[in-house]
Amino acid sequence: MPSTPGTPAPGPQISVLDPETDPRASYLLSPALTAPLVARILTSHSAGSHRSVAPFTGQPLVDLPLSSTADVERAVDRARDAQRYWTDVPVLERAEVLLRLHDIVLDRQSEVLDLIQAESGKTRASAFEEVGDVAQVCRHYGVRGAAYLAPRRVRGMLPVLTQTRVTLLPVGVVGVIAPWNYPLTLALADVLPALLAGNAVVLKPDPQTTLTALWAAAALEEAGLPEDVLQIVAGGGDVGAALIDEVDHIAFTGSTATGRKIAARAGERLIGATLELGGKNPLYVAADADVEAAATGAVRACFGNTGQLCMSIERLVVHEAVADAFVDSFVAKVKALTMSPAMDYSADVGSLTTPAQLERVETHVDDAIACGARILTGGVHRGDIGPLFYAPTVLDRVPPQALCAQEETFGPVVSVTVVSSDAEAVTVMNETEFGLNASIWTRSVAHGRALARQVRSGTVNINDGYAASWGSVEAPMGGFKSSGLGRRHGREGIEAYTEAQTVAAQLGVGMGLSLDTLFSLPEGRGQAMLTGGLRVLKALRAR
């Protein structure tokens with residue numbers, strides 16, 4: 001992801017109400033902003049509502065009308081009707097929608113950055129990662145998508161006589177269940193390639209961050225996406241379950257526990273599932289690492305987005321040769337981090353997003369201490385800054401039975417383990433059910449690549465925490481083991497939303513040159529000719 005903000009659009013677009021002049025000031029956001037977005041939810045207003053709350057302050061953001069299971073069926077029906085004409089739009093025209101969205105997101109970044117921060121509580125720098133990421137994905141698929149989807153000719157069964165082509169067809173309607181931690185990135189990461197492939201999409205964002213997803217839907221419409229091709233439904237697990245029962249492919253980003261349930265439900269229907277799930281991601285500082293660079297990189301890798309990132313580092317594995325120097329530098333840098341609810345680029349660490357995440361972080365830290373771990377810094381709920389702020393925390397001597405040694409914390413907490421060799425480091429890195437992301441710091445890229453081959457992880461970053469692999473959008477991204485199924489980004493990320501159809505044509509039938517002709521020859525002469533032909537093809541190393 002890009003690390004510099006570029007030129008922001010002039011002026012914030014979020015309207016914060018004045019409690020001295022406006023009786024609606026209990027809401028952080030002006031209804032003039034939220035009402036047009038909320039109107040995009042497909043709902044019959046029969047399933048109640050959800051009030052989302054600003055993590056920075058605890059103020060209400062918006063009352064969202066929820067969708068019923070009948071609304072989900074209606075949304076899928078609308079999407080299915082729209083998909084029939086969307087798939088006939090030439091792929092290059094579909095790609096232009098993504099390229100126009102690229103410009104909209106960059107031009108109006110101030111507006112969406114405010115909205116992301118209001119809903120998620122993250123810093124502006126972390127919010128910008130989403131803007132930069134969406135622009136990259138739009139550019140990549142907008143430029144490369146047509147080539148990924150183009151029919152390709154492959155060798156046929158009989159040289160010259162068999163002409164075989166593979167065509168990628170859209171699956172139909174794709175369901176996307178998006179989480180709250182990256183409300184713009186993860187609302188669009190699966191939606192964009194699915195749309196480009198000729199599918200319609202029904203998106204269910206998390207109730208906490210639905211406004212950002214609705215902003216994205218409005219931006220796509222402004223970019224030229226036809227009406228009804230993208231539908232938005234609002235709600236919790238019941239709405240997600242109903243969506244799985246209706247669509248032709250489901251994409252989900254979230255916890256491993258929920259991912260298992262979704263995979264089972266999708267398996268019953270024999271539909272495809274793309275699942276990016278949990279991680280307990282390690283960062284190894286090798287004996288030959290640049291300690292200062294590693295400490296600086298580790299701070300961002302551990303505490304970017306307040307640690308609420310599937311690829312975030314939660315385990316530091318440090319070679320004993322550099323352990324003292326690294327830990328001293330790292331802890332000093334962590335202590336220097338600034339926490340605040342600032343709506344500009346002055347804060348290093350933001351708020352947790354939900355009370356449930358705060359509770360999980362506190363439980364993991366308290367349990368680690370009870371098990372004998374030592375706090376090197378942090379370990380404090382910073383209610384003086386805001387209701388959901390928790391100080392960046394570094395733990396030492398965390399025993400293997402502690403919760404934070406085994407489970408994903410998903411917050412600003414990291415543990416330190418010292419090892420005596422590369423081999424021990426690899427063992428420690430692999431001692432988890434997860435395998436999403438890993439990081440290796442070394443002065444030798446060759447050394448890092450040799451270690452990476454031994455790490456059971458879908459992505460491995462050398463001298464970076466997570467951004468290098470995630471931001472390399474031409475490369476597939478996904479998890480090993482309990483960290484997921486399928487891949488996002490690159491060719492694999494768009495092919496997931498297609499069905500491959502093979503069409504093989506026999507060209508010599510009218511001239512009597514066909515398998516039927518060969519098989520009709522008496523006394524096995526046709527089979528003998530085929531046997532000779534197969535031997536020749538092998539000798540020629542023909543594919």
Under 3.5 Å: donor-acceptor pair, side chain of S457, backbone of L436: yes
Pair N461-S439, side-chain donor/acceptor within less than 3.5 Å: no
Among side-chain atoms of T212 and T209, is any donor-acceptor pair under 3.5 angstrom? no
Side chains of L277 and F252 in contact at under 4.5 Å (non-hydrogen atoms): yes
Report yes or no: do R315 and T432 form a side-chain donor-acceptor pair below 3.5 Å? no
Between D396 and R374 (salt bridge meaning N to carboxylate O under 4.0 Å), is one present in this structure? yes
If we count only N and O atoms by modelled type, under 3.5 Å, do the side chains of S420 and E320 hold a donor and an acceptor together? no
Under a 4.5 Å cut-off applied to non-hydrogen side-chain atoms, are I375 and V394 in contact? no
Side chains of D422 and Y284 only: does a donor on one sit below 3.5 Å from an acceptor on the other? yes
For residues F410 and W180, establish whether the separation of their ring centroids is below 6.0 Å. yes
Heavy-atom check, side chain of V327 versus side chain of L316, under 4.5 Å: no
Can you check whether Q109 reaches V105 side chain to side chain, under 4.5 Å on heavy atoms? no
Without hydrogens or angle criteria, can the side chains of D133 and W470 be said to hold a donor-acceptor pair below 3.5 Å? yes
Would you indicate whether K261, at its atom NZ, is surrounded by more than 12 heavy atoms from other residues, nucleotides or ligands within a distance under 6.0 Å? no
Salt bridge (Lys or Arg N to Asp or Glu O under 4.0 Å) between E495 and R488, intermediate numbers included: CA-CA 10 Å; E495 286 184 349; R488 153 184 296 151; over 6 Å; no
One thing to verify: whether K280 and E314 come together as a salt bridge, which I'm taking to mean a side-chain N less than 4.0 angstrom from a carboxylate O. yes
Distance only, no hydrogens: is a donor on one side chain within 3.5 Å (strictly under) of an acceptor on the other, for S472 and S469? no
Donor + acceptor pair across side chains of Y390, Q357 (<3.5 Å): no
Determine yes or no for a side-chain-to-main-chain donor-acceptor pair under 3.5 angstrom, with N181 supplying the side chain and Q308 the backbone. yes
Test item: Q117 and S126 side chains (from C-beta on) under 4.5 Å apart, heavy atoms: no
With heavy-atom distances below 4.5 Å as the criterion, would you say the side chains of V233 and I41 are in contact? no
Sub-6.0 Å ring centroid separation between H489 and Y141: no
Indicate the ring-plane relationship of H249 and Y497, choosing parallel, tilted or perpendicular according to the 30° and 60° boundaries. perpendicular
Find out whether V445 and R449 are in side-chain contact, i.e. whether some heavy atom of one side chain is under 4.5 Å from a heavy atom of the other. yes
Flag yes if more than 12 heavy atoms outside E359 fall under 6.0 Å of its CD atom; otherwise flag no. no
Thinking salt bridges, do R108 and E111 make one under a 4.0 Å N-O criterion? yes
Do side-chain atoms of N437 reach the backbone of I313 as a donor and acceptor pair under 3.5 angstrom? no
Using a strict cut-off of less than 4.0 Å between a Lys/Arg side-chain nitrogen and an Asp/Glu carboxylate oxygen, indicate whether E130 and R124 qualify as a salt bridge. no
Salt bridge E407-R360, side-chain N to carboxylate O under 4.0 Å: yes
